[in-house]
Structure formats: structure tokens, C-alpha cells
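A short worksheet on the structure shown next.
Note that ligands are numbered from 1 as they come in the structure, with each ligand's atoms numbered from 1 the same way. Scope of the values below: all heavy atoms of this structure, side chains included, with no hydrogens, waters or symmetry mates. Just so we're clear, the structure is a prediction, and the values are computed from it rather than from any experiment.
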Amino acid sequence: MEEKGIEFIRLQFIDIFGVLKSMNITPDELDEALDGKLMFDGSSIDGFARINESDKCLVPDPDTFQIMPWRPTEKGVARMICDVHNPDGTPFEGCPRWNFKRVLREATDMGYEFNVGPEGEFFLFHTDDKGRPTLEIHDKAGYFDLAPIDYGEDARRDIVLTMKQMGFRIEASHHEVAPGQHEIDFKYDEALKTADKWVTFRDVVKNIAKNHCLYATFMPKPFAGENGSAMHCNQSLFKNGENIFHDPNGDYELSETALYYVGGLLRHAKGMTAIANPIINSYKRLRPGYEAPINIAWSNSNRSTLIRIPGRRGKATRVELRSPDPVANPYLIFSVMLKAGLEGIKNQITPPPSVEEDVYCLTAKQRADLDLTYLPRDLYAALKEMENDPLVEEAIGSHCYNRFLEGKYKEWNEYAEQVHRWEMDTYLRKY
Ligand code: ADP
Ligand code: MG
Ligand code: MG
Ligand code: MG
Ligand code: MG
């Protein structure tokens, strides 16, 4: 920090609902922070702590130290991602990051390294002269501009360059299917690092977009009738540096372990949906016809199923879970995915046969023959499924589990009480 002239340190963590929180300290306070003595009021964070047990500590992980390149270079700003502890130094059960480390230990005990590569999709909107997001997307606006500058392409280029400065290896970045929609893929890594990188990625996208007078949203489905944004989670298990999902002699060149892992994910697919798709709007994305999953099925390269095995083999053999969206808390969804996959391996859960048909186009009879079941269709159904699946509570810990359900039922009830535009349009004149 001395070398780089860092004057501010941002201590970051994300709450149960996936929202990034941060607290600024100066370098003078860093020693105290590293010793786990930096207290904050946990009752002010959604779902964290009640008022009578509210003192919590932020313990920064030095491995996550990063300079924020979009901040001034003189008197610069760095950040560190933190775990949350209790004042007596014990880890706080409601800290999603600490919880994920707990689940990761199960994989490590089995000799596995868990790797995740997420695909990041988001939309860019224009802002008004007060910097507030409008509903105008950049490329549509660009269409009518006198000098047709694509602000979105420029912003994305800047996002990629900034991520590179922060140590990301970018594999691809492109305009996505919907107008105003972009995708950036960075190279997979050991899962805790990937979860931290996802938090960083979202922060970079939002900040750089702002510098381009755009507003970036990870809201899963901003427009009816267009594709939504996902966070496909590509995952694999390595043992001694080898990808154990690959078996050149197996069906589809997949190992038995890979198939059991898929079996575990499918068995818990309903229970994990609320964690993968945590907001009301998430379920507007999970509709037929937009490359998002609706049924519980897996396939060898079909983009209409919940799980796809992308074509690449060898080190790149992976299971792609296509339901998670970009507002999911990465630590929580990774915890549940991993736990479900490990259960599949331990209990040797063989998945049903793969489905290679486009599941959006099946007749009712074909669907019945394939015995296809649906993912929960809204947040309420997903919460009910979560309550029916004890694995989810084991995976995210009782504290996160209970607070998540509490917060989300409240969100559902608020929504359910609203009268929506669609209802007025459809019913007002009809009845
Ligand atoms: P898609 O074909 O679904 O669009 P992408 O090419 O956009 O896939 O993204 C692939 C992602 O999978 C990248 O993040 C990549 O690093 C990741 N990936 C590659 N190999 C592995 C692996 N063995 N384990 C986990 N993720 C992997
Ligand atoms: Mg992709
Ligand atoms: Mg995509
Ligand atoms: Mg897409
Ligand atoms: Mg994908």
C-alpha cells in the first residue's frame, strides 16, 4: 500500500441477499482489522443479526487485496473481501463466505478441488442528466444517434481492461442475444476465488458503466419478450490436478463421478431454486423459449435443459448448471451446488437418461414419456421447495437458511399485494 500510495481501504462483504456492503478504513486501522478487532453493527445488515446480538467483526482476507483501478491513482483505493466473525473471534454462522468455506472442506476431505467458471450477463441502460437509470438501452439509442457511437461496446471494452488489471483472465466478451445485453466470461478457478471474483466482477461492471454514463443491471429479466441474464455455473472436480469428470471410455466421455454429480444436482434442483433464482423477477426469466431452463433434465449439449455438458473434454470437461442468475449470492449457490453434487457422489445417484430434444417444443405426451418435471414457477413455490429439502439447510447453515426464508417470504408477500399493470390492462375493461 505504501508503494502504491493507497490511502483508503474498502472492506467488503456480501450479505445473505447477495448485496455488496463495504466499510472504508485508512491504512492506520489495517492492523486492527487484520487482527479481527474491527467491529460493526450487524443488526443494520439485512438478515445478519438481531439488535441484542449485533456486534460483529470484519476480518479481511489478505489474498483478496486489490487496487480499484477506476479510483484516482493518487491517494488510491484498495479493497479486501472479508469474513464476518463474532466479537469472541469465532466465525459468524450467518456469513455466506465463511459458510461456503465450511462446505468446501467436505470436498477437500474427499480429496477434491472444486472449480467453477461463471458466465456473466448484464444489461446496460442510459442514464438521465441526474445519473439515474432510464429504461433506454444503449444500442437502441445508438441506432437513432447522429454519430452512431455504441456506448455499450466502449463500456464493455473498458470493463474487460479493468478486470485484466485486477488479475482476471478474460476468456470471452460479447454482445448477448437481447438488445443492450452483454456477456463477459472469465476463466474458471478454485471455487472460493471464483465467488470472490464474481463479487468483484459485479462491482467493476457497475462502476465502469457509471463512468460511461450508463447504468449496468444484473436484474435477471428487464424486458418481457427478450432473453434474460444468467450466471451459468460451469463446474468440475479435480483430484491431484486431474479433472475427474473426464473418462475417455465413459458414456459421453464422462466419468461415473460426473454422472453421480449430475444426479445429485438434479435431485436437489427444486430445493436449490430459491437460492439460484432469489428474486420475484428471476422467475420471469425461467420461461420457455429464451435459452433458460424450465424442466429438470440434463443433456449433452442442449441449451434448453437445466444441465448441459458442453462439448469440450479433457481438462475442460464440466457440468454447466444453467438456472442460476446473476443476482444469486455466489457463496450460497456454490455451497448448495457443491453439497448436492457431493451427495450424488456419496449416494451414487444415477441421473435419468439425458434429454437431447428441445424441451420447449415437446408435446404433453412426449413430456410425460420423458417424465419431465418442472422447476418451481415462482418465488413462492421455490421457497416451499426449499423448505422441503433438508440438504439446502445443511448446505447454507441454519442461520442463513432461516433468515433467507424470512426475508424472501416478506418480499413475496409485498409483491403479492400489488396490483400489476398487466392485471389492469387485462381485466379492467373485461369485467
Ligand atoms: P457457453 O458455451 O455456455 O457459452 P462459455 O464459453 O461462455 O460457455 O463459458 C465457459 C466457462 O466454463 C468459462 O468460464 C470457462 O473458464 C469455464 N470452464 C472451462 N473449463 C472448466 C472446468 N474444467 N471447470 C469449471 N469451469 C470450466
Ligand atoms: Mg457463454
Ligand atoms: Mg450467454
Ligand atoms: Mg444468454
Ligand atoms: Mg453457458
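Listed by chain and number, the protein atoms of type N/O/S under 2.8 Å from the Mg ion (ligand 5) are E119 OE1, E119 OE2, H232 ND1, E320 OE2; waters are omitted.
By the 30° and 60° cut-offs, the orientation of the rings of F334 relative to F114 is perpendicular. Using a 30° and 60° split on the angle between ring planes, H175 and H182 fall in the tilted class, from 30° to 60°.
For atom 10 (C) of ligand 1, the nearest non-hydrogen atom from the set R318, E320, E121 belongs to R318. The heavy atom nearest to atom 25 (C) of ligand 1, out of those in I170, T194, N234, I184, is found in N234.
Look at E291 and the Mg ion (ligand 3): no N/O/S atom of the residue is under 2.8 Å from the metal.
V392 pairs in a side-chain contact (heavy atoms from CB on, under 4.5 Å) with only one of the listed residues (L405, T273, I275), which is I275.
A cation-pi contact, defined as under 6.0 Å to the ring centre and within 45° of the axis, links R377 to Y374. Note that R202 lies in the cation-pi zone of F218, set by a 6.0 Å cut-off to the ring centre and a 45° limit from the axis.
Annotation for ligand 1: atoms under 4.0 Å from non-hydrogen atoms of K187 are 16 (O). Numbered from 1 in the order shown, with element, the atoms of ligand 1 that lie under 4.0 Å from a heavy atom of N243 read 23 (N). Contact atoms of ligand 1 toward D185: 5 (P), 7 (O) (distance under 4.0 Å to a heavy atom of the residue). With ligand atoms numbered from 1 in the order given, ligand 1 contributes 23 (N) to contacts under 4.0 Å with heavy atoms of T317. Heavy-atom contacts of E171 reach the following atoms of ligand 1: 13 (C), 14 (O), 15 (C), 16 (O) (cutoff under 4.0 Å). Interface of R308 with ligand 1, defined as ligand atoms under 4.0 Å from a residue heavy atom, comprises 1 (P), 2 (O), 3 (O).
Atom NZ of K197 sits about 6.5 Å away from atom CZ of F168, to the nearest 0.5 Å.
Residues M163 and F186 have side chains in contact (heavy-atom distance under 4.5 Å, counting atoms from C-beta outward). Side chains of P69 and R71 form no contact here, defined as non-hydrogen atoms less than 4.5 Å apart.
Without hydrogens or angle criteria, T64 side chain to P60 main chain gives no donor-acceptor distance under 3.5 Å.
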Discussion item. For a ring pair (Phe, Tyr, Trp, His ring centres under 6.0 Å) check, start with the C-alpha distance between F92 and F48, then their side-chain angles and the critical distance, and finish with the verdict.
Written reply: CA-CA 9 Å; F92 170 50; F48 254 32; 5.3 Å; yes
Discussion item. Does H420 form a ring pair (Phe, Tyr, Trp, His ring centres under 6.0 Å) with Y415? I'd like the steps, not just the answer.
Written reply: CA-CA 9 Å; H420 301 274; Y415 169 74; 4.6 Å; yes
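Taking any N or O of R322, backbone or side chain, none lies under 3.5 Å from an N or O belonging to ligand 1. In terms of polar-atom proximity, H232 is not counted as a contact of ligand 1, lacking any N or O under 3.5 Å from an N or O of the ligand. Checking only distances, F186 does come within under 3.5 Å of ligand 1, N or O to N or O.
The heavy-atom pair separating C95 from V84 by the smallest distance is SG-N, 3.4 Å.
R169 and E171 are not joined by a salt bridge, as no carboxylate oxygen comes within less than 4.0 angstrom of a charged side-chain nitrogen.
Residue E183 approaches the Mg ion (ligand 3) most closely through its N/O/S atom OE1. Looking only at its N/O/S atoms, E176 has OE2 as the one nearest to the Mg ion (ligand 3). When the Mg ion (ligand 3) is compared with the N/O/S atoms of E121, atom OE2 turns out nearest.
Contact between E183 and ligand 1 is present, with at least one heavy atom of the residue lying under 4.0 Å from the ligand. In this structure, F245 has no heavy atom closer than 4.0 Å to ligand 1.
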Show me the side-chain donor-acceptor pairs of residues 256-263 shorter than 3.5 Å, one per line, residues at least two apart or across chains.
{"unit_1": "Y261", "atom_1": "OH", "unit_2": "Q235", "atom_2": "OE1", "d": "2.7"}

